[in-house]
Visitor: 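Here it is: the structure, laid out below.
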Number of protein chains: 4
Amino acid sequence: MTISKNKARIPVQKRSIETKEKILNAAWELFAEKGYFKTNTNELAERAGIATGSFYGYFNNKKEVGIELMMRFYKEVSKKALSNFYIQIGDNVAENLDTGRKLVRFIIKSLKESHAINPLLHKETTALILLDEDVRNISSEEDKKIIAFLITLLQQHKQLIRVDDIEAAAVLLFRTSDEIIHRIMIHKDAIDEDRLLKELEDMICSYLFITVS
Amino acid sequence: MTISKNKARIPVQKRSIETKEKILNAAWELFAEKGYFKTNTNELAERAGIATGSFYGYFNNKKEVGIELMMRFYKEVSKKALSNFYIQIGDNVAENLDTGRKLVRFIIKSLKESHAINPLLHKETTALILLDEDVRNISSEEDKKIIAFLITLLQQHKQLIRVDDIEAAAVLLFRTSDEIIHRIMIHKDAIDEDRLLKELEDMICSYLFITVS
Amino acid sequence: MTISKNKARIPVQKRSIETKEKILNAAWELFAEKGYFKTNTNELAERAGIATGSFYGYFNNKKEVGIELMMRFYKEVSKKALSNFYIQIGDNVAENLDTGRKLVRFIIKSLKESHAINPLLHKETTALILLDEDVRNISSEEDKKIIAFLITLLQQHKQLIRVDDIEAAAVLLFRTSDEIIHRIMIHKDAIDEDRLLKELEDMICSYLFITVS
Amino acid sequence: MTISKNKARIPVQKRSIETKEKILNAAWELFAEKGYFKTNTNELAERAGIATGSFYGYFNNKKEVGIELMMRFYKEVSKKALSNFYIQIGDNVAENLDTGRKLVRFIIKSLKESHAINPLLHKETTALILLDEDVRNISSEEDKKIIAFLITLLQQHKQLIRVDDIEAAAVLLFRTSDEIIHRIMIHKDAIDEDRLLKELEDMICSYLFITVS
DNA sequence: AATGAATGAGAATTCATTCAT
DNA sequence: TATGAATGAATTCTCATTCAT
């Protein structure tokens, strides 16, 4: 269903906003505990402390809750990464390799933090992206914003970067980091987290920056 | 449920093997067309041209079909990767940078081919890995084999490689390449396939090998 | 399965109570018409005039309906037996043989009435007791109450009774009467009902009471 | 289904008879272990060591196996009770009360032995009698034979017996004893077996025979 | 707005029996 | 006769969503 009937109200009143928040919090917990598909709307309502039917006053369907939760992760990336960037990197970017590594570390750290909020829920969201076209499209749009930001970032450090195709590099940088972090959080590959993240950082740096051998 | 009642027969007779094959082929098609979750066992049987009940003579449930298909992918990867390796790289590995790049290209190509077999089915499988613990565990074991193979490969080219932590590098190499290929096949990121793959190759090479600047 | 998920609601609202009653009435009819095993939950819902799914709002499964109906029989027996006892026997129990026979007649009559409510359903219940352990246990508990009541009754008429082992006598009395009545109601043994009941009464009296030869 | 297609062969050859026996033995075990309804024909065939389809060479359907097993119990009663009667009671029946009690004991003992062969299977059979009309009719016919025998028996001891309605007495005697034994074997009423059987014997004797008070 | 009972299509699974080999 | 794969109707139970109150 791509067309929504949109009967769910947009909450304005304080109590309404609170109710919506209660539902999202319930989903936050339950989707992490049992998974998106194994959680049903009755449980969701019950955990939120509302009646089954009331749920549909705030969301048109279950999927919408999944989407809203997914957006929280994106907001987290934005909030952490975008707004706080200059605070952490410094305004007058010192143009040297050290800054480059700092930059990469910062990106990895931001993504890691967004995954860390609720790793199991993040996993569910990832599955939903794979399984549902609507969700995938929304996620795709958000990804584009992140990538656009990364492009800007890389362009701001052009003098450090030896890669010509900045756009492709940004995509590569984002996908690669996100995947490795995801693996660490979810799949618990046999390998140690720190070792893997160190290599990730090294890989990206050796790729992006002009290294003095 | 990890314990199965295992009522499904293990086909020995020619007819049985054929029927099982018919089911797997039906699943192959349907999971790609409609997705794993949206396909039900009745459809599966119907597409296979057998009776509903017959399905349960060969598989205890839908998940088992999913697992069996996933295993086919892994076998495909192994087969492609292992058997063709020497043909492509050459038996007497010339110890120079060119060989290193050849190696990386080979790995990327192998993974790409495994994804290309049935991209949509591959996507479903990826989702299943995220959503089901049993599937995840099986997949995890198979991934280990691939990574083990990569470790061997990298160790055989030690003199080219500047990375110390070969294990972590192998994991990184596998995950990174797999994810990028997955993105290309499934999500159709705005970026052009060739550009992205070129950068991936560059990234891995600049990371792994001693580059003469 | 002895542990139930207990998703069935406990009806409080008037509408709920009515719906539950509708289901029980449907079961009452259908179990008698077609038998417990040959009735399925869809039919049950249909006869009750509700949707299939609604059934599961009130009972976790068919068995629970069977149990609930069985309990109704027991309640019926208790109600009939306990409340009408003094009306029929009289308050100041005349201590003579006549009272003894009255007592036995009363017991037989009470059991007979409970069977007469819905003989076919009673038969199904009896089968269920044999086939299902949970049902058997519940029935066993209820039987104990009846037997306990009979023990009290017999003890109140101790002076008439020549049997030493009152407990065993009560069990014997209950099982014997119940079985004979059951036979009469269900199996239609070739023999005439009145003749058999007369002999039953005689048998019990001659066993229990001091007869003046 | 009251009309049978009767495709099952009547085994004459030794091997055929053995196969049929294997099926019956498998059912004997399985119906006692899991119950008639919870045992399926595949299991039955497997336990018998034959192929699923072969089952239908010997029985037209599952019910027939139940019936044949039921008949075994009846044969047991006949064998034990009817043929061995004179051996145990003695040919020249001493016409005194002692013989009466012996008689009752003998009847109870015979019934008890038939129940004891395989109590759980006997329970299943009892349920089947309740649930299936065909089975009930066959059982009814067999019951009549037993009752007829009891009538003969009682008539042979007429001089001891004070009951007028011998027919009704025979039915009562059979049903009562059978039920109590059944209870003892299956339901494990709280009461001790010996106590209950003693009272049963007393009850029947005090009813049947002229007691010198 | 809130409630929670009702809906009903849909999914998984079973199993007595048949039938081609 | 034996085999065991195949059949497919039947059954139980779930759950997102609606709707009367």
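Proteins get letters first, then strands, A, B, ... in listed order; numbering begins at 1 in each.
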Visitor: Nearest nucleotide by nearest heavy atom, which residue falls closer to the 5' end of DNA chain F, A/K38 or B/F55?
Guide: B/F55

Visitor: Is B/G53 touching bases, backbone alone, or none of the nucleic acid, heavy atoms closer than 4.0 Å?
Guide: base

Visitor: What's the closest nucleotide to the side chain of D/K62 if the choices are E/dA16, E/dA1, E/dT7?
Guide: E/dA16

Visitor: On DNA chain E, nearest-nucleotide positions of B/R15 versus B/T39: which is more 5'?
Guide: B/T39

Visitor: May I ask you to say what B/T52 touches in the nucleic acid, namely base, sugar-phosphate or nothing, with a heavy-atom cut-off under 4.0 Å?
Guide: base

Visitor: Verify whether one side chain among D/Y36 and D/T125 offers a donor that lies under 3.5 Å from an acceptor in the other.
Guide: no

Visitor: Would you say B/N137's side chain and B/S140's backbone share a donor-acceptor pair under 3.5 angstrom?
Guide: no

Visitor: Looking at A/T41, does any N or O in its side chain come under 4.0 Å of the phosphate oxygens OP1/OP2 on F/dA16?
Guide: yes

Visitor: Determine the minimum heavy-atom distance between B/S139 and B/I129, stating which atoms define it.
Guide: OG-CD1, 3.5 Å

Visitor: Which part of the nucleic acid, if any, lies within reach of C/Y58 when heavy atoms closer than 4.0 Å are counted: base, sugar-phosphate only, or nothing?
Guide: sugar-phosphate

Visitor: Is E/dT21 paired to anything, Watson-Crick or G-U wobble with both distances less than 3.5 Å, and if yes, which nucleotide?
Guide: F/dA2

Visitor: Picking from E/dA6, E/dT13, F/dT7, which would you name as closest to the side chain of C/T19?
Guide: E/dA6

Visitor: Between A/R72 and A/E21 (salt bridge meaning N to carboxylate O under 4.0 Å), is one present in this structure?
Guide: yes

Visitor: Where the side chain of C/A51 is concerned, which of E/dT17, F/dT17, E/dT7 is the nearest nucleotide?
Guide: E/dT7

Visitor: Taking the nucleotide of DNA chain F with the nearest heavy atom to each, does B/K22 or A/N42 sit closer to the 5' end?
Guide: B/K22

Visitor: Of the nucleotides F/dA6, F/dA2, E/dT18, which one has an atom closest to the side chain of D/Y56?
Guide: E/dT18

Visitor: Of the nucleotides F/dA16, E/dA6, E/dA12, which one has an atom closest to the side chain of C/S54?
Guide: E/dA6

Visitor: Do the ring planes of D/W28 and D/F73 sit parallel (below 30°), tilted (30 to 60°) or perpendicular (above 60°)?
Guide: parallel

Visitor: Nearest to the A/I50 side chain among E/dA5, E/dC15, E/dT3, which nucleotide is it?
Guide: E/dT3

